[in-house]
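Taking it in order: structure first as structure tokens, then the write-up.
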Amino acid sequence: MTLTAPGSTRTSPAAQADPAAGGPIAPCPARGLICRNCGATFGLIAEHACAECFGPLEVDYDPEVMRAVTREQIEAGPQNIWRYAGLLPVGQDPADRITLDPGLTPLVRADRLAEELGLTGGLWVKDDSANPTHSFKDRVVSLAATAAKGLGYTKIAAASTGNLANSVAAHAARAGLPSFVFIPSDLEPGKVVQSAIYGQTLVAVDGSYDDVNRLTSELAETDEFEDTAFVNQNVRPYYAEGSKTMGYELAEQLGWRIPAQVVIPMASGSLLTKVDKAFRELVAAGIVEATEWTIFGAQSAGCDPIATAFDNGWDVVKPVKPTGIAKSLNIGNPADGPYALDAIRRTGGAVGRVGDEEIVQGIRDLARTTGVFAETAGGVTVAVLRQLVEDGRLDRTKETVVLNTGEGLKTLDPLEPVVGPTHRVEPSLRSVRAAGLIR
């Protein structure tokens, strides 16, 4: 594989002994980048937009190399996302990786929540709060940072609604690299602290995430940031592929089968498209049997451009100004919105939207019935699950998975007014008895 940065060329070493696993390094299946709109092809370069039509680029794979990957090879791999190295665009050699080794997060059986909702086909929660910085963003940053290293970049950066900021700063700290993270200035305090603690450059911008994203797009073109990989911009094709590992894990953890229904939170829409892509790749590679699945999207009513487009039958997603408590989903101009719509429609799915009160209730319902404490994005997903069940759009009899993408301790503000001690007593049995705790 050759990754080419402006003014430099880097060629990965040929297959050799893997010092981490004691076996051969998997061949890289990536053969270039391809435009999702017009199909134009490019080398493995640092670019996210097509030079022909300005459409988004994604990684193009050699299907023969993908078909050579077996379940047994995956199962013998490390206990993290790199067990799927034979299906990823970078990181086949452990020496080339910049990573926190995320992945293989718990798949939690949610029987009590299923019973409350009247689901009889089985319900699971994929809990990505168990990743090193407590969100699914560790998956994408490990891919992006590894690609950045191969492309010759010496710094990493990002525009973020919070979780990505945490992960970029942590990866940079682990690798000893400088990083620059740009966030909206009204971000939740927990996410600000978790980004700042790693000692990297953290810039609060007075504006929305979309304002921040525009700013970093301009910065990426300046001489001062010429040696900087913006993980969700100039190396975005590699970054986005990290989300596929969640789909791979779902299939593996279910005994190498694809769940019938998946409910996925949407900000840019990329996670949803890549989970669907992972399922399609596993089928095409012969790793799982061909089956049908349905993808459902979940958005906050305060930022629902994809839901609005779905409801109106639009192919174009019209930008909105985000509001509401689910700040990690507050991307008003979602880059992958049209492709998320394609995946939802192709699989016969739907999109739900829920308000702030329903989001808080969704967080509480999940915690009360499963012991999983989700951030606001997880509350959106659980609340939308309830909505989809109640209005009949989701089949109660089919196995269902919902994705929790982040840790609840990051978004405490909406919960503090509604949860707390159930009793207050003096340090005496009389007080405890008066409170009704004993007779």
Side-chain angles (χ1 to χ4, degrees), residues 3 28-37 41-42 44-50 54-61 66 81-82 84-85 87-91 98-99 102-103 128 131 135-148 150-151 153 156-161 163-165 167-168 171 209 213 216-217 220 229-250 264-282 295 297 306 317 328-329 331 333-344 403 405:
L3 296 177
C28 178
R31 59 187 180 187
L33 302 181
I34 186 168
C35 178
R36 294 165 81 172
N37 283 353
T41 58
F42 305 86
L44 290 166
I45 59 175
E47 187 55 77
H48 68 288
C50 175
F54 303 106
L57 300 180
E58 69 174 359
V59 178
D60 184 30
Y61 293 97
M66 301 279 269
I81 62 170
W82 299 111
Y84 308 109
L87 303 171
L88 297 174
V90 294
I98 294 178
T99 184
D128 250 32
N131 276 316
S135 88
F136 86 100
K137 291 297 187 181
D138 289 334
R139 299 174 183 273
V140 294
V141 176
S142 282
L143 268 288
T146 297
L151 289 160
Y153 289 106
I156 56 176
S160 174
T161 58
N163 286 324
L164 179 58
S167 189
V168 167
H171 276 79
Y209 169 79
N213 195 45
T216 54
S217 295
F230 285 78
V231 300
N232 52 346
Q233 292 173 353
N234 52 14
V235 293
R236 185 178 180 85
Y238 311 96
Y239 160 95
E241 294 297 281
S243 292
K244 294 193 310 182
T245 60
M246 193 182 292
Y248 296 154
E249 285 177 23
L250 285 177
I264 303 175
M266 295 188 298
S268 73
S270 179
L271 174 61
L272 185 147
T273 68
K274 295 304 181 181
V275 169
D276 175 67
K277 184 181 182 185
F279 293 165
R280 289 184 283 120
E281 287 179 348
L282 290 173
I295 301 286
I306 304 175
V317 178
S328 63
L329 301 183
I331 297 181
N333 188 16
D336 285 88
Y339 306 101
L341 288 171
D342 288 345
I344 293 164
L403 305 189
T405 52

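- Checked against salt bridge (charged side-chain N to carboxylate O under 4.0 Å, His left out), Lys137 has no partners two or more places apart in sequence or in another chain.
- With sequence neighbours left out, the side-chain contact (heavy atoms from CB on, under 4.5 Å) criterion links Pro56 to Arg36, Asn37, Tyr339.
- Residues that satisfy the side-chain contact (heavy atoms from CB on, under 4.5 Å) test with Ala157, not counting sequence neighbours, are Phe180, Thr228, Phe230.
- With sequence neighbours excluded, no residue forms a ring pair (Phe, Tyr, Trp, His ring centres under 6.0 Å) with Tyr209.
- Side-chain atoms of Ser328 and Thr161, non-hydrogen and from C-beta on, do get closer than 4.5 Å to each other.
- Evaluation of the side-chain contact (heavy atoms from CB on, under 4.5 Å) rule for Ala267 yields Leu329, Ile331 as partners, not counting sequence neighbours.
- Remark: the backbone N or O of Gly103 is paired with a side-chain donor or acceptor of Asn131 at under 3.5 angstrom.
- From Leu341, atom CG reaches atom CE of Met266 across 7.0 Å, with rounding to the nearest 0.5 Å.
- A side-chain donor-acceptor contact under 3.5 Å links Thr245 to the backbone of Gly242.
- Side chain to side chain, Glu281 and Tyr248 meet the donor-acceptor criterion of an N or O pair below 3.5 Å.
- The two atoms that bring Ala340 and Thr273 nearest to each other are N-CG2, 3.4 Å, heavy atoms only.
- Partners of Arg31 by salt bridge (charged side-chain N to carboxylate O under 4.0 Å, His left out), not counting sequence neighbours, listed by chain and number: Asp60.
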Inset, instruction - Begin with the C-alpha distance, continue with both residues' side-chain angles, and end with the deciding distance and a verdict on side-chain contact (heavy atoms from CB on, under 4.5 Å) for Thr405 and Ser135. - result: CA-CA 5 Å; Thr405 52; Ser135 88; 5.8 Å; no
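- Taking CZ of Phe42 as the reference point, atom CG of Leu33 lies at 8.0 Å (rounded to 0.5 Å).
- Listed by chain and residue number, Thr133, Ser167 satisfy the side-chain hydrogen bond (donor to acceptor under 3.5 Å, both in side chains) test with Asp138 (two or more places apart in sequence, or in another chain).
- In this structure a side-chain-to-backbone donor-acceptor pair under 3.5 Å is present from Gln233 to Asn213.
- Residues satisfying the side-chain hydrogen bond (donor to acceptor under 3.5 Å, both in side chains) test with Glu241, not counting sequence neighbours, are Tyr61, Lys244, Lys274, Lys277.
- With Ser268 contributing its side chain and Pro334 its backbone, the two residues share no donor-acceptor pair below 3.5 Å.
- Taking OG1 of Thr146 as the reference point, atom CH2 of Trp82 lies at 4.0 Å (rounded to 0.5 Å).
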Legend entry - Verdict with supporting geometry, Ile81 and Glu249, side-chain contact (heavy atoms from CB on, under 4.5 Å): CA-CA 8 Å; Ile81 62 170; Glu249 285 177 23; 4.1 Å; yes
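- The side-chain hydrogen bond (donor to acceptor under 3.5 Å, both in side chains) search around Ser160 returns none, not counting sequence neighbours.
- The heavy-atom pair separating Leu282 from Gly247 by the smallest distance is CD1-O, 4.3 Å.
- Note that CD of Glu58 is 9.0 Å distant from CG of Asp336, once rounded to the nearest 0.5 Å.
- Taken from CG in Asn232 to OG1 in Thr216, the straight-line distance is 6.5 Å, to the nearest 0.5 Å.
- Of all the heavy atoms in Leu403 and Pro265, the pair that sits closest is O-CD, 3.9 Å.
- Residues that satisfy the salt bridge (charged side-chain N to carboxylate O under 4.0 Å, His left out) test with Asp128, not counting sequence neighbours, are Arg139.
- Residues that satisfy the side-chain hydrogen bond (donor to acceptor under 3.5 Å, both in side chains) test with Thr41, not counting sequence neighbours, are absent from this structure.
- Applying the side-chain contact (heavy atoms from CB on, under 4.5 Å) rule to Ala343 yields the partners Leu272, Asp276, Arg346; only residues at least two apart in sequence or on another chain are considered.
- Between Ser142 and Thr99, the shortest heavy-atom contact is OG-OG1, 2.8 Å.
- Here the closest non-hydrogen pair linking Val59 and Ala30 is CG1-CB, 3.7 Å.
- In this structure, Ile306 and Gly337 approach most closely via the heavy-atom pair CD1-CA, 3.9 Å.
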